[in-house]
Amino acid sequence: MSDKQSSQKAQRLIGHLLFGKQMTYCLSGVARFGVADHMNATPMAVEEIAGKTGAHAPSLCRVMRMLASTGVFKEEQGKRFALTPAGELLKSDAPGTMRYHAMMLGDEWTTRAYEHFTDCLRTGQNGVSKAYGQHLFDVLAERPEQLDTFQAAMTSSSTIEGKAVIGAYDFSGIKRLADLGGGHGVLLASILRRYPQMQGVLFDRAEIIAGMAKDQFAGCEGRITIEGGSFFERVPDGCDAYIMKHIIHDWDDEHCRTTLKLMRDKLPTDGRVLVCEMVVTDEPGPTPAKILDILMLVITMGGKERTKDEFAELFASSGLRLNRIVQTEGPICVIEAVPGKV
C-alpha cells in the first residue's frame, strides 16, 4: 500500500468514527418511533411506514437509507425498506431486543452527559453530575418516562445475559440467593425456575420494584421475597449467596466496598458473592468491555469496567477473596468471591 493509499484509508477511518453520533441518533430515532414494529422481511414503502409511526416521510427515508447502508434495513427501488436480522433487534418484542437501549442512548440524560465529555476527560468527573448536579439514579427518579426506558433496556439485557449466566455457572448448593439491584427480577426469576429448591430475595430501590410485572415470579410462589432499600445501607439477611449484575461497574471503589462489606458481614463461611460483569483484558483489539467502560466514565460517579487484578484488589479490601472467574458464552463473566480475611 502506498503512502497516499495509507493516508486515504486513515482519513476514511477517522471520518467514519467521527460520524458515529449520527448513527446513534438515527438508531435512537427509529427506535423511538417504533419503526421496526411495523415492518418485516417484505419491502414496505417509506410513506406507509411514516403513516403508521407518525414520522415525516422524506426525513424518515433519509434516515432509513443511511441505516440501510450499514445493514440495519434492506433498501429496494421505490423507497421501499425491509428488516434485516439486525433490524429485527429493534422490534419491541424481539428476543434480546435492543430497541430500548437505542432509545436510552438518545434520551436527554445521556445526551446532556456527553456534552461534558471534555470535562470528564480533564477532571474525571462524570457528565451526569456536571449536567444535573445529581447522581444518575437520582436524575432518573425525577424522570419517570426515561426511568422506564432505562429499566426496559436493563430488563432486555437481563433476558439474554441471564441465559448466559445460568448456562455457565452452577448455582446448585445455594439455599437463599439475594439479587442486589435486581431491577424487575428477570435474572433472579430465571435462576429460581432452574433451581426449584432455592429461595430468592429481590432487592432494589422502591421506585424500581414498583414497575415490576405482577407475574414476574410466576411459578416461584412461596420462594421469593421482595425488599426495597439501598444496598449502601443494608443487604438482606439469611442469605448464603448474593448476586449483582452490572451493579459494581456503576460505582467507585469506595461505594463498592461499602456494599461488599455489608455482604461479607452477612455471609456464612461457605457463602459466596457473584458479580456478573465484563472483565477488561489485555486484548489489544476492540471489546465490549472497553466500549462500555467509556459509558461508565461519562454517566457514573467513578464507575468503570475492571480488570481481574482490580476485582481481586477490590474484594481483598472488603474482606473477600476472588475465587474464580467463569466466562459465559457472551462478554459477561460470573466473578465469584468468597469470604477472606477480615
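Here, residue 1 is the first one in the sequence, and each next residue gets the next number. Please read all numbers here as calculations on a predicted model, not as lab measurements.
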Would a distance-only check, ignoring hydrogens and angles, find a side-chain to backbone donor-acceptor pair under 3.5 Å from [X] to [Y]?
X    : Y    : result
S59  : A55  : no
E88  : P85  : no
R223 : M198 : yes
S158 : L187 : no
S190 : G162 : no
R272 : V338 : no
N126 : S129 : yes
D204 : I209 : no
E277 : H249 : yes
R193 : A218 : yes

What are the two closest heavy atoms between [X] and [Y], and how far apart are they?
X    : Y    : result
R306 : K304 : NH1-O, 3.5 Å
I49  : M44  : CG1-SD, 3.7 Å
P236 : A178 : CG-CB, 4.1 Å
K290 : E283 : NZ-O, 2.6 Å
V334 : C276 : CG2-SG, 4.3 Å
V273 : M244 : CG1-CE, 4.3 Å

Taking C-beta and beyond as the side chain, do [X] and [Y] meet within less than 4.5 Å on heavy atoms?
X    : Y    : answer
S318 : R264 : no
S172 : Y195 : yes
D107 : R32  : yes
E305 : M296 : yes
T97  : L89  : no
M103 : R99  : yes
M64  : V35  : yes
V279 : C333 : yes

Check your understanding: When you measure from the centre of the six-membered ring of F171, is the NZ or CZ of R194 under 6.0 Å away and within 45° of the axis?
Key ->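 Not satisfied by the 6.0 Å and 45° rule.
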
Membership question, hydrophobic clusters at under 4.5 Å side-chain separation (ILVMFWY): are [Y] and [X] in the same one?
X    : Y    : value
W251 : L320 : yes
L292 : F117 : yes
L147 : F137 : yes
M263 : F315 : yes
M104 : F33  : no

**Study point:** From CA spacing to verdict: salt bridge (Lys or Arg N to Asp or Glu O under 4.0 Å), R80, E48
**Key:** CA-CA 9 Å; R80 296 182 304 140; E48 185 179 355; over 6 Å; no

Practice item. Evaluate side chain to side chain donor-acceptor pair (under 3.5 Å) for D252 paired with H255, printing each intermediate quantity in order. Key: CA-CA 6 Å; D252 60 22; H255 280 85; 2.8 Å; yes

Say you draw a straight line from [atom1] of [X] to [atom2] of [Y]; how long is it, rounded to the nearest 0.5 Å?
X    : Y    : atom1 : atom2 : answer
I226 : Q216 : CD1   : CD    : 9.0 Å
L180 : C239 : CG    : SG    : 8.0 Å
C256 : E254 : SG    : CD    : 10.5 Å
Y114 : I299 : OH    : CD1   : 7.0 Å
I248 : D253 : CD1   : CG    : 9.0 Å
F150 : Y100 : CZ    : OH    : 15.5 Å

Practice item. Show your working on salt bridge (Lys or Arg N to Asp or Glu O under 4.0 Å) between R143 and E108 and close with a plain yes or no. Key: CA-CA 10 Å; R143 293 161 176 77; E108 169 217 354; 3.5 Å; yes

Is the number of heavy atoms from other residues, nucleotides or ligands within 6.0 Å of [atom1] ([X]) greater than 12?
X    : atom1 : value
M98  : CE    : no
F232 : CZ    : yes
E221 : CD    : yes
R62  : CZ    : no
M66  : CE    : yes

Practice item. Report the C-alpha separation of H246 and E161 in whole Å, then their side-chain angles, then the decisive distance to 0.1 Å, and conclude whether the side chain to side chain donor-acceptor pair (under 3.5 Å) test is met. Key: CA-CA 10 Å; H246 290 318; E161 293 176 338; 3.1 Å; yes

Practice item. Mind running side chain to side chain donor-acceptor pair (under 3.5 Å) on S92 and D37 for me, showing each step along the way? Key: CA-CA 7 Å; S92 302; D37 286 344; 2.6 Å; yes

Point to revise | Worked verdict on D270 versus K175 for salt bridge (Lys or Arg N to Asp or Glu O under 4.0 Å) | key: CA-CA 12 Å; D270 60 347; K175 300 179 180 66; 5.5 Å; no

Review point. So K266 and Y242, side-chain contact (heavy atoms from CB on, under 4.5 Å) or not? Walk me through it.
Key: CA-CA 10 Å; K266 299 285 187 180; Y242 297 92; 3.2 Å; yes

Exercise for review: Please lay out, stage by stage, how E75 and S69 fare under the test side-chain contact (heavy atoms from CB on, under 4.5 Å).
Suggested key: CA-CA 8 Å; E75 181 179 10; S69 73; over 6 Å; no

Exercise for review: Test side-chain contact (heavy atoms from CB on, under 4.5 Å) on V280 and T287 and set out the steps.
Suggested key: CA-CA 8 Å; V280 179; T287 64; over 6 Å; no

Point to revise | Check against side-chain contact (heavy atoms from CB on, under 4.5 Å), I224 and L192 | key: CA-CA 9 Å; I224 182 67; L192 291 178; 4.0 Å; yes

Review point. How far apart are the C-alpha atoms of Y132 and E142, what are their side-chain angles, what is the distance that settles it, and do they pass the side chain to side chain donor-acceptor pair (under 3.5 Å) test?
Key: CA-CA 11 Å; Y132 295 98; E142 296 176 356; over 6 Å; no

